[in-house]
*Asks:* 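Pasting a structure below so you can have a look.
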Amino acid sequence: MDSDYKKKCLSIITAAYNEADGIKTFYEGLTGNIAGLTNDYDWEIVFVDDGSTDSTLNILKELRRKDNRVKWLSLSRNFGHQAALTAGLECAKGDAVIMMDCDLQHPASLIPDMINKWENGFDIVLTTREEKHDHGILKKITSACFYRIINRMSKTKVSPSSADFRLMSRKAINALLKLGEYHRFIRGMVSWVGFKTCELSYKPKTRYAGKSKYTFKKMLNLAFDGITSFSVVPLRISAILGVLIFFGALAY
């Protein structure tokens, strides 16, 4: 091998909030799936502790001591999944970055296919969930309504089965980080920045341990952020209502 050859670096980012029961299993499964790729790429695994109140941070420190590819960030409180992912993106050094959840529902076995797509010229490799039948009826209905509304109101289209499991090139990541939204809806932002994109489908696995941290309130806030960030319709409605109230007051 040429002594001047420099391997590309790949970053994997995951946000963890009270994931002490499963985070070691996630790490072991992840490193097992990327073991065959370490000859061709350098790796870093960036864990973002999103204000956990259990032993998640201590476990991350232990993993770091055993594996220098592991990096961790600890947020001062629970800022939420989208903010935690953004913090990880700002620290990632990779030529390509993969975002995934650490509850084992995102299959690490898909990573080699994602890298292959990137090497073949795609800047963004999105993943879409195949139908999973154990979701509650309320979640199915609210999710379907949200995506129908946002895709009707916005020119930025978001797939109803899209997930926060994706690969992005350094060029795409740099463009994403230039967006200054305070309330972030990353799925929409990724669609908005453009670049050459492809999709891979996967069957989501059952959550390994614990329970989902996305309460109904958090999902509602995320939906509101998505709609207000990527559509001018709410602004137009507010403007029209303001005009109507103004003339109504004059008439009165």
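Note that the structure is predicted; figures quoted are calculated from it, not measured.
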*Asks:* Do I12 and V46 come close enough that some side-chain heavy atom pair is under 4.5 Å?
*Replies:*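 SC-SC contact between I12 and V46 ruled out.
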*Asks:* Decide, yes or no, whether a salt bridge links E44 with K71 under the criterion of side-chain N to carboxylate O below 4.0 Å.
*Replies:* yes
*Asks:* Give a yes or no on whether the backbone of E19 and the side-chain of T56 come within a donor-acceptor separation of less than 3.5 Å.
*Replies:*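 Here the side-chain-to-backbone pair exists.
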*Asks:* With distance as the sole test, does T38 use its side chain to make a donor-acceptor pair with the main-chain N or O of A35 at under 3.5 Å?
*Replies:* yes
*Asks:* Report yes or no: does N33 contribute a side-chain atom to a donor-acceptor pair with the main-chain N or O of G29 at less than 3.5 Å?
*Replies:*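 Flag set: sc N33 to bb G29 pair under 3.5 Å.
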*Asks:* Would you compute the distance between atom CZ of R77 and atom CG of D50 and round it to the nearest 0.5 angstrom?
*Replies:* 9.0 Å
*Asks:* Looking only at non-hydrogen atoms, find the nearest pair between I124 and A172 and report the distance.
*Replies:*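 Heavy atoms only, the tightest pair is CG1-CB, 4.0 Å.
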*Asks:* Let me see the working for M114 and T127 under side chain to side chain contact (heavy atoms under 4.5 Å, CB included), right down to the final yes or no.
*Replies:* CA-CA 9 Å; M114 299 171 79; T127 65; 4.1 Å; yes
*Asks:* Output the distance between atom CG (N18) and atom CG (L57), rounded to the nearest 0.5 Å.
*Replies:* 11.5 Å
*Asks:* Please verify the inter-ring angle class for Y41 with W118; under 30° counts as parallel, over 60° as perpendicular, anything in between as tilted.
*Replies:* tilted
*Asks:* Would you find a donor on one side and an acceptor on the other, under 3.5 Å apart, between the side chain of N116 and the backbone of P112?
*Replies:*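 The answer is no, because no donor-acceptor pair under 3.5 Å joins these two groups.
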*Asks:* Between D95 (side chain) and K8 (backbone), is there a donor-acceptor pair under 3.5 Å?
*Replies:* no
*Asks:* Determine whether a donor-acceptor pair (N or O, by modelled atom type, separation under 3.5 Å) exists between the side chain of T14 and the backbone of F47.
*Replies:*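 Checked: no pair found.
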*Asks:* Take V190 and R166 through the side chain to side chain contact (heavy atoms under 4.5 Å, CB included) test and state the conclusion after the steps.
*Replies:* CA-CA 10 Å; V190 170; R166 65 181 68 84; 3.9 Å; yes
*Asks:* If every non-hydrogen atom of R64 is compared with every non-hydrogen atom of W72, which pair is closest and at what distance?
*Replies:*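 Heavy-atom minimum between the residues: CB-CD1, 4.0 Å.
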*Asks:* Side chains of C91 and L73: closer than 4.5 Å at any heavy-atom pair?
*Replies:*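 Yes, side chains in contact.
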*Asks:* Give the intermediate values and the outcome of side chain to side chain contact (heavy atoms under 4.5 Å, CB included) for residues F26 and D103.
*Replies:* CA-CA 7 Å; F26 165 78; D103 58 9; over 6 Å; no
*Asks:* Who pairs with D113 by salt bridge (charged side-chain N to carboxylate O under 4.0 Å, His left out), at least two apart in sequence or on another chain?
*Replies:*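 Here no residue qualifies.
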*Asks:* Any donor-acceptor pair under 3.5 Å linking the side chain of T31 with the backbone of Y27?
*Replies:* yes
*Asks:* Taking the side chain as every heavy atom from C-beta outward, state whether L200 and V125 have any atom pair closer than 4.5 Å.
*Replies:*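 A side-chain contact under 4.5 Å exists here.
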*Asks:* Calculate, to the nearest 0.5 Å, the distance between atoms CD1 and CG belonging to I23 and L63 respectively.
*Replies:*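 Spacing of CD1 (I23) from CG (L63) equals 7.0 Å.
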*Asks:* Got a salt bridge between D123 and K171, using NZ or NE/NH1/NH2 to carboxylate O under 4.0 Å?
*Replies:*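 Answer for the salt bridge query: yes.
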*Asks:* Is it true that a side-chain atom of S11 and a backbone atom of A92 form a donor plus acceptor pair closer than 3.5 Å?
*Replies:*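 Side chain of S11 to backbone of A92, a donor-acceptor pair under 3.5 Å: no, none is there.
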*Asks:* Do you see a donor-acceptor pair shorter than 3.5 Å between the side chains of S55 and N58?
*Replies:* no
*Asks:* Taking the side chain as every heavy atom from C-beta outward, state whether L177 and E90 have any pair of such atoms under 4.5 Å apart.
*Replies:* yes
*Asks:* Under a 4.5 Å cut-off applied to non-hydrogen side-chain atoms, are F165 and Y202 in contact?
*Replies:*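 When only atoms from C-beta onward are counted, Y202 and F165 do touch, with a gap below 4.5 Å.
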*Asks:* Is E28 salt-bridged to K24, cutoff N-O under 4.0 Å?
*Replies:* no
*Asks:* Indicate whether the side chain of N174 and that of R170 have a donor and an acceptor atom separated by less than 3.5 Å.
*Replies:*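 Side chains of N174 and R170: pair found under 3.5 Å.
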*Asks:* Do H81 and D101 pair up side chain to side chain, a donor and an acceptor below 3.5 Å, judged on atom types alone?
*Replies:*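 Present: a donor and an acceptor within the cut-off.
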*Asks:* Can you tell me how far apart CG (D164) and CD1 (I13) are? Round to the nearest 0.5 Å.
*Replies:* 12.0 Å
*Asks:* Ignoring hydrogens, what is the shortest heavy-atom contact between A175 and F195? Give both atom names and the distance.
*Replies:*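 Nearest pair, atom of A175 first, then F195: CB-CE1, 3.7 Å.
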*Asks:* To the nearest 0.5 angstrom, please state how far the CG atom of L10 sits from the CD1 atom of I98.
*Replies:* 6.0 Å
*Asks:* Is the shortest side-chain heavy-atom distance between L104 and T25 below 4.5 Å?
*Replies:*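 When only atoms from C-beta onward are counted, T25 and L104 do touch, with a gap below 4.5 Å.
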*Asks:* Compare every heavy atom of E199 with every heavy atom of T128, then report the nearest pair and how far apart it is.
*Replies:*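 Looking at all heavy atoms of both residues, the shortest contact is CG2-OE1, 3.5 Å.
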*Asks:* Begin with the C-alpha distance, continue with both residues' side-chain angles, and end with the deciding distance and a verdict on side chain to side chain contact (heavy atoms under 4.5 Å, CB included) for D49 and L75.
*Replies:* CA-CA 6 Å; D49 174 39; L75 304 186; over 6 Å; no
*Asks:* Kindly compute the distance separating CG (L37) from CD1 (I115), expressed to the nearest 0.5 Å.
*Replies:* 5.0 Å
*Asks:* State, with a plain yes or no, whether a side-chain heavy atom of M99 is found less than 4.5 Å away from one of M168.
*Replies:* yes
